[in-house]
2 protein chains.
Amino acid sequence: MEEKETFNHLPHKTIARLSQYRRALLLCLSRGKSHIFSHEIATIQHITPVQVRRDLMLIGYSGTLRKGYNIKELINLIANIIDSEEGIKVAIVGMGNLGRALINYFSGKRHKLSIVAGFDTNPDKIGNTMNGVPCYSASMMKDIIQQEGIQIGIITVPAENASQTANELVAAGIKGLLNYTPKPIDVPEYVYLEEYDMITTLEKVAFYVKMRSLEEE
Amino acid sequence: MEEKETFNHLPHKTIARLSQYRRALLLCLSRGKSHIFSHEIATIQHITPVQVRRDLMLIGYSGTLRKGYNIKELINLIANIIDSEEGIKVAIVGMGNLGRALINYFSGKRHKLSIVAGFDTNPDKIGNTMNGVPCYSASMMKDIIQQEGIQIGIITVPAENASQTANELVAAGIKGLLNYTPKPIDVPEYVYLEEYDMITTLEKVAFYVKMRSLEEE
DNA sequence: ATAACAATGTTATTTTATTAACAATTATTT
DNA sequence: AAATAATTGTTAATAAAATAACATTGTTAT
């Protein structure tokens with residue numbers, strides 16, 4: 001029996017890098033390049049060529065010895081792995097600066113991922129469209145998410161509303177959440193959760209800057 | 001000879017968690033709690049109590065057996081480790097939505113880290129103040145950074161300007177950089193660089209959502 | 001007083017991620 | 001035609017991070 005390839009066991013970090021490789025590759029393609037070496041990808045991404053080759057080995061892609069990797073083929077393979085055929089719809093809850101920043105990042109790029117709805121409680125925002133994304137009242141969350149079949153939610157509300165927002169999204173049937181507030185949220189285990197905290201990142205940079213200047217002394 | 005404790009060898013992940021512990025602890029403190037158990041911290045942060053205890057062991061902090069950790073003491077210790085006494089000044093380059101979002105996150109909180117300048121090329125923004133942070137012309141970058149002694153830069157410009165901005169910041173003598181554009185940048189090894197790419201994160205969430213729904217079949 | 005319990009602190013183990021090593025291959029040069 | 005060089009693909013080794021195991025220690029209950 002032929003087993004369907006699932007890419008089930010790829011390391012988390014490899015998944016993240018594949019997404020980044022693809023972006024770099026698309027850029028190269030648009031500049032007319034057709035092939036690329038592992039060390040070129042590595043240089044762009046600040047990693048080692050071995051890492052690149054190992055990631056590509058894991059997804060079963062082979063280059064040619066003196067030409068490197070076929071950019072188009074590789075882009076397609078990565079798309080096969082990380083995209084879903086039908087596309088996935090995303091909602092942003094909290095149309096403040098951060099929410100709008102995310103919408104801008106995505107607008108214009110044709111992805112299998114599309115942000116199709118924003119939610120907010122501010123009446124001035126409700127009813128408007130930002131970069132093609134309509135802003136609905138937060139009270140409509142469940143309805144719209146179910147109507148549209150939205151699977152992923154991005155939380156960009158003020159920290160104090162984070163957990164309530166998360167609960168509402170989960171109740172609406174969301175499958176994956178991305179929490180950008182500094183407040184950790186709880187979700188049932190069947191919801192995939194990723195959290196990112198900008199303050200922590202900045203404090204980390206500050207720590208290493210401090211360490212390095214101490215070391216110099 | 002007494003050796004000064006440097007916390008030089010703390011794992012990167014521990015540093016990030018310490019920052020998060022502190023935030024959770026400050027919250028608990030403001031609610032009148034004086035002590036906390038490792039499993040309480042763990043629950044808040046979605047990690048295991050062992051992880052918490054191990055991190056605290058690494059920084060040499062001891063709790064008491066049936067009362068847990070003294071919140072105030074622990075906050076002070078963490079501050080000792082990750083903050084620098086004199087404080088560190090930060091600049092944001094790119095006062096778009098993302099830049100302003102970051103400023104809002106920070107405003108009001110009294111940190112050893114303070115955002116003291118924003119830069120942009122848009123004449124409508126230059127000269128304004130956003131949440132107490134003045135916006136200067138990008139052409140003033142070097143002067144202001146050196147005058148103010150700014151050590152950390154956050155890059156929130158459009159991707160196509162990322163590398164030039166990075167070069168300018170490095171030339172101005174910046175010590176640490178935080179790049180929020182999806183375009184990886186190159187910096188000399190003496191500059192500490194952290195990069196974060198929102199699109200990658202979202203694609204990763206999408207991948208795991210997809211994987212899980214495939215698994216259900 | 002003693003047993004049971006619920007914590008901490010630390011060492012050992014396992015898992016995950018990265019890096020190194022190197023055989024194999026093919027183009028290029030001599 | 002042989003030597004050299006550059007590159008891939010893969011296995012082996014190392015490093016980093018997380019988890020498990022468990023001894024220790026007070027506290028509470030009996």
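Each chain gets a letter, A, B and so on, in the order the sequences are listed, and its residues count up from 1.
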Summary of protein contacts for nucleotides 10-16 of chain C, nucleotide by nucleotide, where a base hit scores B, a sugar-phosphate-only hit scores S (4.0 Å, heavy atoms): BBB----
Length of the NE2-P vector between B:H9 and D:dA15, whole Å: 15 Å
Aromatic ring pairing B:H111/B:F106, orientation class (parallel under 30°, perpendicular over 60°, tilted between): tilted
Salt bridge (Lys or Arg N to Asp or Glu O under 4.0 Å) assessment of B:E40 paired with B:K33: CA-CA 12 Å; B:E40 294 178 293; B:K33 236 167 125 69; 3.0 Å; yes
Nucleotide nearest A:F37 when distance is taken to its side chain, options D:dT7, C:dA7, C:dT19: D:dT7
Footprint string (nucleotides 25-30 of chain C, 5' to 3'): B base within contact, S backbone only, - free, heavy atoms under 4.0 Å: BBS---
Below 4.0 Å: OP1/OP2 of D:dT10 and any side-chain N or O of A:Y61: no
Side chains of B:N179 and B:Y196, donor plus acceptor under 3.5 Å: no
Sugar-phosphate, base or nothing in reach of A:T14, heavy atoms under 4.0 Å: nothing
Atom pair distance, as rounded to whole Å: CG in B:D55 and P in C:dG9: 13 Å
Heavy-atom neighbours of A:E215 CD exceed 12 at 6.0 Å: yes
Neighbour count >12 (heavy atoms, 6.0 Å) for atom CD, A:Q164: no
Between D:dT8 (P) and A:K67 (NZ): distance, integer Å: 13 Å
Whether B:K210 side chain and A:I81 backbone form a donor-acceptor pair below 3.5 Å: yes
d(CG, B:L10; C1', D:dA16) in whole Å: 14 Å
Distance, rounded to the nearest Å, where A:L58 contributes CG and D:dT8 contributes P: 16 Å
B:Y61 side chain to B:E73 side chain, donor-acceptor N/O pair below 3.5 angstrom: yes
A:Q51, nearest nucleotide to its side chain (from C:dT18, D:dA18, C:dT8): C:dT18
Neighbour count above 12 (heavy atom, 6.0 Å) for A:K67 NZ: no
Euclidean distance, atom CD of residue A:Q45 to atom C1' of C:dT18 [Å, nearest integer]: 16 Å
Interatomic distance, A:K13 NZ vs D:dA18 C1' [rounded to whole Å]: 13 Å
Donor-acceptor side-chain pairing of A:E194 and A:Y192 below 3.5 angstrom: yes
d(NE2, B:H39; P, D:dA20) in whole Å: 18 Å
